Amino acid sequence: MNDRTFLDLWPVVRQLRSGDLLGRGEAAKSGPTRRLTPRTATADQVVKSVCPYCAVGCGQTVYVKDGAVVQIEGDPDSPVSRGRLCPKGSASKQLVTSPNRVTKVRYRRPHSTEWEDLDLDTAIDMIADRVIDTRARTWVWEEDGKRVRRTMGIASLGGATLDNEENYLMKKLYTALGAVQIENQARI
Amino acid sequence: MSNALYGPVPNVAEQAGYQDPPPRMGFFTDTSVCIGCKACEVACKEWNLVPDDGGPLTGMSYDNTGALGANTWRHVAFIEQQVPARQAVDLGMPGIGAPGAQTAAEPGQDADIRWLMASDVCKHCTHAACLDVCPTGALFRTEFGTVVVQEDICNGCGYCVVACPYGVIDQRKDDGRVFKCTLCYDRIGDGLEPACAKACPTDSIQYGELDVLRARADARLAELRADGEAGARLYGNDPDDGVGGTGAFFLLLDEPEVYGLPPDPVVTTRNLPQIWQRTAMAAGALVVLGVASFLGRRS
Amino acid sequence: MAECHPVGFQWVMEAKARGAKIVHVDPRFTRTSAMADVHVPIRAGSDIAFLGALVNHILTRALDFREYVVAYTNAAAIVTEDFQDTEELDGLFSGFDPESNSYSAHTWRYEGAEAAAAAGQRDPSQTGAEEMAAAGKAAREGGQPETAGSGGPSVPGKPERDETLQHPRCVYQILKRHFARYTPEMVEQVCGISREQFAEVADILTTNSGRERTAAFCYAVGWTQHSVGVQNIRTAAILQQLLGNMGRPGGGIMALRGHASIQGSTDIPTLYNLLPGYIPMPHAHQHQDLESFVAADAGTTGYWGNMAAYTVSLLKSYWGDAASADNDFCFDYLPRLTGDHSTYPTVLAQLEGTCKGYFVVGENPAVGSANGKMQRLGMANLEWLVVRDFTMIESATFWKDGPEIETGELRTEDIGTEVFFLPAASHVEKDGSFTNTQRMLQWHYKAVEPPGDCQSELKFYHELGKRIRAKLAGSNDERDRPVLDLTWDYPEHGPDREPSAEAVLREINGTGPDGAALSSYTALADDGSTACGCWIYCGVFADELNQAARRKPGREQSWVAPEWGWAWPSNRRILYNRASADPDGRPWSERKAYVWWDADAGTWTGHDVPDFVADRPPDYVPPDGARGPDAIGGQDAFIMQSDGKAWLYAPIGLADGPLPTHYEPPESILENPLYGTQHSPARGRIVHPANPLNPDQSEVYPYVFTSYRLTEHHTAGGMTRTLPYLSELQPEMFCEVSPRLAAERGLVNGGWATIVTNRTAIEARVLVTERVRTLRVGDRKVEQVGLPYHWGVNGITVGDSSNDLVHVTLDPNSHIQGKVGTCDIRPGRRPTGPALLEYVEGYRRRAGIASEA
Amino acid sequence: MKETRLVPDADFDSYYGRPILKGPVWKQPDVSLYFFLGGLAGASAVLAEGAALTGRPELQRVSRVLAAAGITAGIGALIHDLGRPARFLHMLRVLKPTSPMSVGSWVMAPFSGLATAALVSDVTGVLPRLGRTAGIGAAVLGPALSTYTAALIADTAIPTWHEGYRELPFVFAGGATAAAGGLAMVATPASERGPARRLGVMGGVVELAATERMRRRLGPLDEPYRQGRPGVLLRAARALTAGGVAAAVLSPRLPVLARPAGAALATGSLLTRFGLLLAGRPAAEDPRHVVVPQRARLTEPVGTLSG
Ligand SMILES: Nc1nc2c(c(=O)[nH]1)N[C@H]1C(S)=C(S)[C@@H](COP(=O)(O)OP(=O)(O)OC[C@H]3O[C@@H](n4cnc5c(=O)[nH]c(N)nc54)[C@H](O)[C@@H]3O)O[C@H]1N2
Ligand SMILES: Nc1nc2c(c(=O)[nH]1)N[C@H]1C(S)=C(S)[C@@H](COP(=O)(O)OP(=O)(O)OC[C@H]3O[C@@H](n4cnc5c(=O)[nH]c(N)nc54)[C@H](O)[C@@H]3O)O[C@H]1N2
Ligand code: SF4
Ligand code: SF4
Ligand code: SF4
Ligand code: SF4
Ligand code: SF4
Ligand SMILES: [Mo]
């Protein structure tokens, strides 16, 4: 069926020419169907990853095309998961590409009823100022006559969804700042 | 090439005009190991970019997608049953309606429960009514023996919808066209596993050459029977059944209808010769009536 | 497990296919039960009674694996005469101080082990009788029991032993007496489990343990989230020790932990009481300098004996050149604890106004934490709040749409909290490693750039640190030295100048005097020549290679798959695997061979990295006075334990007793049938008007509720309620009730119900299901209400939060919240607005609880 | 061979009572209307050719109009029904004997051309020979056009439709002729009305008889035809057709009855189509219609449902 004539574009003709008299298979295929390729094959980058949901740690393969994630599926190489994913793992692409993701900084002024826009750079700067200020105001050198060298004015919550490297930097910075109420999901 | 309408077909792809087709591929869904996680539903939607069509809670156990349809190409059924205590031998007393509807009393010590879960999908019938009635050729049989709708061809005539004896294929309301499982035609063409089978954590969905799967299913059935699972049965694996056997078949632990499957579906085109014959007779009758009406008086 | 770890569950199915028997103990019949051979419905909060009865079953029938028990556990150890058990004290152990509601472990100690009172021990409860109570309280609040995350707490010296196990004060005999009242009849009374079913489980467990077979326990928060959470797991540990199931393939106790890197965030903790590698945060009353800090461990046997090296290396990696022997390696830069600074006390501090600024980074306490109202009230009282997440989670929007706004308890305009919402980068938008529940690190690569303002935590914290340091630069304030001296220069790359995650991992791994990456923590030194950010992770960057990124396909290697990722410690996949061989170093059986002594080669070998000193022969007896790893005997399989033995009885380290004991949950429908002591006496109480408890055995709140997860949703829902494909699968908050309860209360399948506690009332759709069984507990029928906890006010599917019902009462060891309570349930939707408060108040009046204000 | 057994109500399992089959997604009234109009057009083409052959110009004109307008309006309804109307021509991509809709399309396409050509020629007098040839062509295709829709619904999985496959073509043939005759009666002067009346009467009788026989055979599967809107429509249809037949029979003696009789016959035919088609949905939605007969034939393997 390779040497197609113009007439072959009309499936009825193909029906008669091929053995597919009832028009069930070969004859009924359309052009796009013939050219079908999975987007895993057309991806320009394939990246190994790990499911972001639970602690099973299933392997994921991330397919990227033109700078966007086009597919995430199980990594068959993983001895943990053997290529399989549960519904959450299978929905990871939606997690990453979801239009519900908020991608801009939002700011709520004290007592305000609305969110406002805020530049990322300004936001980080303002947060740095808040940390410095709160730390200074709440600093304690001693408690009950014992040296404690800390602030009880700043707390942090979260870590179990984050990378080890991130937790490391967080704990390192907080500890240097003298903040001790650093907690994560291990507690709840 | 038989172009048959009924009965076993040794090579469906060949019958559909393929020369030297690859082996027929399909699914063996072993519901006895399904944990109802719905990874198959999600993986299918992610791969095939199927829209979500969520509704409110159905109250049907953990099933909130209800049935196969244009936007649900894999559907996991959840059946809660009371069974006699700790005897994996009897079928039990499957119920209908909402779970818990049957008894308001506490279960007796002699009653146990079981929770059947099963992932349903298009059967990729040997005799696919949907395909045979499709007037546009949008539905076609692939070289792998599977049945696929071509989105660029379907004109939304809706004929396939009423032809399918399993109620699988359906129209997407806002789109007009029909959709169903493609058995991931694009993926399997590239040597990949279908998305649902790949995701399935417990291998409840097994993809492969149909012959191999059928043998594996026989072995699994024997194993379960030996374990006292008397209700275990295969569904769709028999080429002598009403649709010539299905490309996606199942191991069930209860009667098919309990899972929302027809117990003994027969492809409608099995009767097509008689239907055409009757239609021809009626057309003839119409001619006769026409002629007869001109016999007799002029006014 | 099928519900919450579905892909992990494939291995259970694999085992089942090979003939394993699966027993599932859960109040509800779940997807896991559906696959199990036996489902055991249990009254929530009564697991110790059930497990304790299994212990009793084994002990009374002498079904234990005696050779294993004698060699590898502390069954033979003798406990001092001072110890008094719950048998004698009606549910209390000796050493309880009713004043502080805490124990001193002093009387629990081994006979013969030094009761030395060296200052600054890791567990101060041995500092001598006078200070006992206070120290016990301090230890508990300082969260020290949790420092046992990579090995037990220290007992100095080795105990006297009676290897015949006949001595009346040996652990074995104590155990026998302690568990004697945990009978099948009692199980019926307490748990609602029939004797027949108990016998069946006992039989399955014992016949599948021994030389040829092993049994494993898998648990998660069905056990941990109780006021006796740690003791629940301890009971399982006792069973596994008695049955010889520890350190062996197919055995053990598998914690099915939560988030992608929950294990990592405990190892490299964002926790108040820990430093990386389970090194405790220093306590103001005990640890003013490095010497006092490491003293307790310096004296002990096992690997904790090298505590000084681990600590100094950590300080070096924090403060680099600034840390030197002259300045105690900057030990003083570390802030000190004075008590419990965990998350719930922090919320109290927010309510009091002492805690003013709050970073919420990848957590959603407004929905996920117990007593959501307390969380939101706390946040409403902050000066500033930073939330970093993917979507607008409830913890970021409570000031405008929280339930308290609806009821009028809070007004948006009155809330002074300044809120910054910063969008986070997802796992495919950054490099980094997760540590899964098997202690295995797996690297994930950045695939795409984060959209918009989204940033990784790595980038954000690095940047924040840089700015703070820049703003403080030039400060002469001693307070700012730790910040300014911090090593904070990480190589940056990419368009957004992202710090290199690999560089951070390399710092965590540690470097030697030559600056090269170390390959094992055994190389760490206490002289400042090595730096290491987390000693247990040392080796993850061995040979300058990111070992966590190893991805040799599983099918191309042994079933242990050691070349996939990297597991701490030392890429070991099963801990304490020395116990997979008999005392002489031979596998207990061919089937179960895992690690064994190769006498010819003079080394331990096997399928895994042996968890033992590689060349230490089985017959090695350490010389008297040996310290640290040198003190590990050839049969001391549990090398992280200071006495080398697995602990049936915990002479130290637990805040609520050396042995598990059944207490009723903090809110209970029953009087404790076992002891006069109703609740765990040491449980963590959070006293606040917003956290009132229901009275025990109240007819107004006659039902038990418990909360749990659904396969289709994740935790507080921020990662699933926002996704269409998952939302449609479980589109509404619901509760699960038995047909009998439905009839009793007129609940209709698919209809609405209101669930009421002393805290508040929530509404949910109803699933009437046989899967929730009516339990027969003694002669009464107990009904339980099941509540998934994934919903909140934002997202595609919205609904009331279960956690608004859950009271905060904590396990005294881990400070973890509970998941059970009592409630009433009624058909129909709940009142809205201020009427809800009135409705809840009505219940309070009827329950005879005076309302505050 | 056994016919369909009775459907017992007890002893039947299903999945929460949910449908097993999917009901028709065809738009209403489009498809019922098309079924009616197609049938009407086909039978009218036959009538027109008869009139032409027997020299009845008025009847010929009227019938030609009915054939051409019927099929044009029918195609309009059909296109309106399609989910993707722009792809109407895909109907002619393939020719599938296994698909009554495909066959029907291949009949309908030339038919519409022929019927229109015949009418145009008749009205304008242009190319009379070609016009006649076209008319003959239309008359040849007409019976197929009138009846293929019966095959179409019979060739589905919906038990109530499928199991009626023996009689449905006669119901449709009868209905088509009743409608063609009836409407021709209405529009044709008394002088040339005879054939139309006879056609209408015979068609009506065939329609009534075939419907009756089909429904009797269906047994419990007839339920969808009895209940709800389809039930009402079919009862009305039966009354109209029967009344129409009677009135038409009397009409030579009472000419005032002729037009109402014709209208009643046509309307009866129309309502029959509506009734039959609308019953498809409830028929598909009741799982008993699927489970009970199938289960019955499984437990008694000798019996087959469709013979
Ligand atoms: N799909 C999904 N997977 C997840 C998560 C998720 O949210 N969704 N979360 C992850 C996280 S953070 C964690 S921590 C893990 C938790 O994983 P699991 O611990 O498995 O999670 P839960 O569903 O909370 O609790 C398990 C079971 O405990 C039962 N239970 C309640 N009370 C008791 C009791 O007193 N005794 C006994 N024996 N059982 C009881 C519940 O009925 C429930 O079935 O899951 C992780 N995986
Ligand atoms: N009643 C009841 N309550 C419970 C439990 C229970 O069983 N019953 N279980 C408890 C347990 S075990 C847990 S772990 C908690 C979980 O409770 P939470 O941790 O509060 O809930 P999550 O929804 O997992 O919150 C994690 C958030 O992190 C975000 N996130 C994910 N990745 C990243 C990232 O890389 N960066 C940033 N910045 N954010 C990210 C997610 O979008 C999500 O919103 O709930 C606890 N609460
Ligand atoms: S795929 Fe499922 S089981 Fe695997 S890590 Fe992700 S959430 Fe956990
Ligand atoms: S199950 Fe239905 S849709 Fe699937 S191939 Fe068979 S007839 Fe077609
Ligand atoms: S709706 Fe589409 S696929 Fe179905 S029969 Fe019509 S054209 Fe074919
Ligand atoms: S084979 Fe592909 S299209 Fe079919 S259900 Fe599975 S994932 Fe969906
Ligand atoms: S993915 Fe597999 S186990 Fe999960 S519901 Fe689907 S078939 Fe069942
Ligand atoms: Mo968790």
Side-chain angles (χ1 to χ4, degrees), chain B residues 5 60 66-67 77 79 94 96-98 129 132-137 153-159 161-165 167 170-171 175-177 255 257-266 268-269 271-272 274-276 278-279 281-283 285-287 289-290 292-294 296-299, chain D residues 13-22 24-26 43 46-47 50 54 82-84 87-88 90-91 93-94 96 98-99 101-102 105 143-144 146-148 150-151 154-158 162 165-166 169-170 173 176-177 190-195 198-199 202-203 290-291 294-295 297-298 306:
Chain B
L5 294 174
M60 292 163 26
I79 301 120
I96 53 163
D132 276 349
V133 303
C134 175
T136 63
I153 301 301
C154 172
N155 65 13
C157 77
Y159 198 179
V161 174
V162 276
C164 170
D170 203 1
Q171 193 176 44
D175 179 294
R177 292 173 297 176
E255 303 291 350
E257 56 267 37
V258 169
Y259 297 85
L261 295 164
D264 183 30
V266 175
T268 180
T269 48
N271 297 119
L272 192 60
Q274 293 97 306
I275 292 172
W276 276 139
R278 287 276 168 160
T279 307
M281 284 164 64
L286 195 150
V287 175
L289 294 188
S293 65
F294 286 94
R297 284 191 297 145
R298 230 189 128 68
S299 62
Chain D
D13 287 320
S14 81
Y15 184 65
Y16 299 96
R18 303 225 12 147
I20 288 177
L21 301 174
K22 294 279 186 281
V25 294
W26 295 320
V46 173
L47 189 58
T54 57
L82 284 186
R84 288 271 159 137
R87 295 183 179 167
F88 178 66
H90 284 184
M91 291 287 192
R93 243 185 117 242
V94 285
K96 292 172 69 170
T98 55
S99 169
M101 195 183 281
S102 172
S105 301
S146 297
T147 49
Y148 90 87
D155 193 23
T156 65
I158 296 176
H162 181 87
Y165 74 83
R166 295 175 194 75
F170 293 95
T177 44
S191 57
E192 293 186 10
R193 201 184 270 151
R198 286 189 286 271
L199 192 66
M202 288 186 291
V290 179
V291 173
Q294 293 190 10
R295 172 79 21 226
R297 93 183 154 230
L298 279 178
S306 354

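Just so it is clear, the structure is predicted and the values come from calculations on it, not from any experiment. Labels below follow one simple rule: chain letters A, B, ... track the order of the sequence lines, proteins then strands, and each chain is numbered from 1.
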Test item: D:H90 side-chain N/O and B:I153 main-chain N/O as donor-acceptor pair under 3.5 Å: yes
When D:A43, D:A144, D:G50 are compared by non-hydrogen pairs under 4.5 Å with chain B, the top option: D:G50
Spacing of B:W276 atom CH2 and D:T147 atom OG1 [to the nearest 0.5 Å]: 8.0 Å
Interatomic spacing from NZ in D:K96 to OG1 in B:T136 - rounded to 0.5 Å: 7.0 Å
Which of B:A77, B:G176, B:P135, B:G137 touches chain D most, by non-hydrogen pairs under 4.5 Å: B:P135
Check: D:L199 main-chain N/O paired with B:S293 side-chain donor or acceptor under 3.5 Å: no
CG-CG distance between B:L289 and D:L47, expressed to the nearest 0.5 angstrom: 11.5 Å
Heavy-atom pairs under 4.5 Å with chain D, option from B:C157, B:A67, B:A292 with the top count: B:C157
Heavy-atom side-chain contact between D:R84 and B:C154 under 4.5 Å: no
Pick from B:L286, B:V162, B:L272, B:L261 with the largest number of heavy-atom pairs that fall under 4.5 Å of chain D: B:V162
Side chain, backbone, both or neither of D:A151 within contact of chain B (heavy atoms, under 4.5 Å): both
Test item: D:D155 and B:Y159 side chains (from C-beta on) under 4.5 Å apart, heavy atoms: yes
Residue pair D:Y165 / B:T279, side-chain heavy-atom distance below 4.5 Å: no
Backbone of B:C164 reached by a side-chain donor or acceptor of D:K22 within 3.5 Å: no
Student check: side-chain heavy atoms of D:V291 and B:E255 closer than 4.5 Å: no
Chain B contacts, top residue of D:A154, D:S146, D:A150 (heavy-atom pairs, under 4.5 Å): D:A154
D:F170 CZ to B:M281 CE distance, which is reported to the nearest 0.5 Å: 4.0 Å
4.5 Å side-chain heavy-atom contact, D:R297 and B:D264: yes
Option that, when pairs with chain D are counted at under 4.5 Å, heavy atom only, ranks first among B:P262, B:P165, B:G290: B:P262
Min side-chain heavy-atom separation B:M60-D:R18 under 4.5 Å: yes
Side-chain touch D:Y15/B:I79, heavy atoms, less than 4.5 angstrom: yes
